[in-house]
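Letters A, B, ... mirror the listed sequences (proteins, then strands); counts begin at 1. Keep in mind that the numbers below use all heavy atoms, side chains included, and drop hydrogens, waters and symmetry copies. On a predicted model such as this, the values are computed, not experimentally measured, just so you know.
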2 protein chains.
Amino acid sequence: MVTRTDAPTRREQILREAARLFAERGFHGVGVDEIGAAVGISGPGLYRHFPGKDAMLAELLVGISGQLLTGAKRRLAESDGDGGGAPEVLDSLIEGHIDFALDDRPLITLHDRELDRLRDSDRKLVRQLQRQYVELWVEVVREVYPALTEPSARSAVHSVFGLLNSTPHLGRAGTLPGRTTTATLLHRMARGAFAAAGVAEEG
Amino acid sequence: MVTRTDAPTRREQILREAARLFAERGFHGVGVDEIGAAVGISGPGLYRHFPGKDAMLAELLVGISGQLLTGAKRRLAESDGDGGGAPEVLDSLIEGHIDFALDDRPLITLHDRELDRLRDSDRKLVRQLQRQYVELWVEVVREVYPALTEPSARSAVHSVFGLLNSTPHLGRAGTLPGRTTTATLLHRMARGAFAAAGVAEEG
DNA sequence: CCTTCAGGTTAACGACCGCTAACCTCGCTG
DNA sequence: CAGCGAGGTTAGCGGTCGTTAACCTGAAGG
């Protein structure tokens, strides 16, 4: 991960603010004038950077899904090189998802909330990326907990996503008991949830 | 619970369809004409039953929050009468929440998604009910897992809500491996998540 | 120095949306 | 049976929203 030092482009500013506003008030609840105002230009000036409001949401959602999937693939590949067993890979996946959820709360919110506002083609793309991401988790989870059937594993993965993506509900930013504390707690809970899911099937 | 046999009133029909549509496409994404069409009347006919579109959302959200809180209080009281210890109460709370999440998926979706579209007074009321519900869980959780600090317990409760409320993401209705199977899996995972949160603090 | 063009501006259009007004039509009920 | 209220209807108003059109400006380049 090369950390950026140069200033964000206007385009990136717009995406960032749009994500925040969409997450706060919903896609239909935010006007283009507001997005413009948030970056210091006004209304239709946005159309120099994006063909329309939909395009901003599309780029955001495709970006998130792609980032999540790419990161997960990278972690999987890294642990293949190491002596990393399946449990370590699962830990790595959990850690990556938590980092994302804690660092980009607006995006995580949008990710499972505004998908249906996309044009058909974009929605299909995002869903495909999401599906790959889920399948990747499912494989690792089943390796760690062989007692799990495939449908149960998939349900378990979705549920853990729900758990990890709950961070936006945890106090409005300052109230958290410290980032690493929260991350550790979430990590333990995710592991615990998977473990409980994978004990016997039929409980 | 007295099971109703009489037909739902027009008003209840409207609320039911409005909930479904709001959950599918967002509050601002649904027009009053669509809600009307969904119950066989058209557009402004809704105003014979509700003073406005906002009022429908408000009634839905207040209703959910109230139902959840009432149910939880009832379960708490019942277990006080029995020889029910804290772990049994927690199980009962989890079970109740799962029932609700599985039976009223649209409402569970709205519950944490469209709260900000409410008038100030309604929003305050809903938040107050939600807060009471959370606090009730927190107390029980801390009784079962005394190692948990209060902020951690609160975070854990919110996270488990995220886990339990993930049901809308689990396949579009028919794909679930049976209701009781799903309920059991979710229950085990919730217990596992709490247990993992409550082991030591500092992990 | 003139041109070009990226990146803004304001004005305005057309569509849509929530809501109201005005009217209609039953089924009760005194 | 007169009347009246509950629960519909359609027409239309006022406001908002996404988008386009037309215009402006300042910096880069031959």
Side-chain angles (χ1 to χ4, degrees), chain A residues 6-62 106 110 113-123, chain B residues 6-62 106 110 113-123:
Chain A
D6 50 340
T9 69
R10 173 53 47 97
R11 211 163 180 288
E12 291 168 327
Q13 276 183 58
I14 295 172
L15 284 175
R16 186 174 187 83
E17 293 304 308
R20 185 178 55 81
L21 290 168
F22 289 160
E24 277 175 14
R25 299 210 290 282
F27 180 67
H28 291 297
V30 180
V32 290
D33 290 353
E34 297 179 76
I35 304 175
V39 298
I41 72 182
S42 224
L46 296 171
Y47 287 77
R48 300 288 166 191
H49 304 276
F50 295 92
K53 193 184 162 193
D54 304 345
M56 301 179 205
L57 182 63
E59 189 159 327
L60 285 170
L61 293 187
V62 172
L110 289 182
R113 187 165 300 195
E114 305 285 356
L115 180 60
D116 297 318
R117 273 49 132 192
L118 257 48
R119 288 185 9 243
D120 268 26
S121 62
D122 291 323
R123 189 171 55 245
Chain B
D6 51 340
T9 70
R10 175 50 50 95
R11 211 163 180 288
E12 291 168 327
Q13 277 183 59
I14 295 172
L15 284 175
R16 184 174 188 81
E17 294 303 309
R20 186 178 54 81
L21 289 167
F22 289 159
E24 277 175 14
R25 299 211 291 282
F27 179 68
H28 292 297
V30 180
V32 290
D33 290 352
E34 298 179 76
I35 303 174
V39 297
I41 72 182
S42 226
L46 297 170
Y47 288 78
R48 300 288 164 189
H49 304 274
F50 296 92
K53 192 185 161 192
D54 304 346
M56 302 179 203
L57 182 63
E59 188 159 328
L60 285 171
L61 293 186
V62 173
L110 288 182
R113 187 165 300 195
E114 305 284 357
L115 180 59
D116 296 318
R117 273 47 134 193
L118 256 48
R119 287 182 11 241
D120 268 27
S121 62
D122 292 323
R123 189 171 55 244

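- Phosphate proximity of dC17(C) to His28(B): absent, as no side-chain N or O sits under 4.0 Å from OP1 or OP2.
- To the nearest angstrom, P of dC17(C) lies 17 Å from CG of Leu57(B).
- Going from atom CG of Leu118(B) over to atom CZ of Phe27(B) covers 8.0 Å, rounded to the nearest 0.5 Å.
- Rounded to an integer number of Å, the gap from CZ of Arg48(B) to C1' of dC24(C) is 11 Å.
- When rounded to the nearest whole Å, the span between CD1 of Ile35(B) and C1' of dC19(C) equals 13 Å.
- Nucleic acid contact class of Gly31(A) (heavy atoms, under 4.0 Å, all strands): sugar-phosphate only.
- Atom CZ of Arg123(B) has more than 12 heavy atoms from other residues, nucleotides or ligands within 6.0 Å.
- Dashed line: the shortest gap from a side-chain N or O of Arg10(B) to OP1 or OP2 of dG8(D) is under 4.0 Å.
- Arg10(A) is listed as a side-chain neighbour of Ile41(A), based on a closest heavy-atom distance under 4.5 Å.
- Defined by atom type and a distance below 3.5 Å, a donor-acceptor pair is present between the side-chain atoms of Ser121(A) and Arg119(A).
- Counting non-hydrogen atoms under 4.0 angstrom, Val39(A) reaches nothing in the nucleic acid.
- Residue order along DNA chain C, read from the 5' end via each residue's closest nucleotide, puts Ser42(A) first among Phe27(B) and Ser42(A).
- Between the CZ atom of Arg11(B) and the P atom of dG8(D) there is a distance of 13 Å, given to the nearest Å.
- Distance Asp54(B) CG to dC17(C) C1': 13 Å, rounded to the nearest Å.
- When side chains are defined from C-beta on, His49(A) does not count as touching Gln13(A), because their heavy atoms never get closer than 4.5 Å.
- Summarising the geometry, the separation between OH on Tyr47(A) and C1' on dT10(C) is reported as 15 Å, rounded to the nearest angstrom.
- An OP1 or OP2 oxygen of dG8(D) is reached within less than 4.0 angstrom by a side-chain nitrogen or oxygen of His49(B).
- One interatomic measurement links the two molecules: CZ of Phe50(A) to P of dG7(C), which rounds to 12 Å at whole-angstrom precision.
- If you check every strand for non-hydrogen atoms under 4.0 Å, Gly52(A) touches sugar and phosphate atoms only.
- The side chain of Ile41(B) sits closest to dG8(D) out of dT19(D), dA11(D), dG8(D).
- Lys53(A) places its NZ atom 9 Å from the P atom of dC17(D), with the value rounded to the nearest Å.
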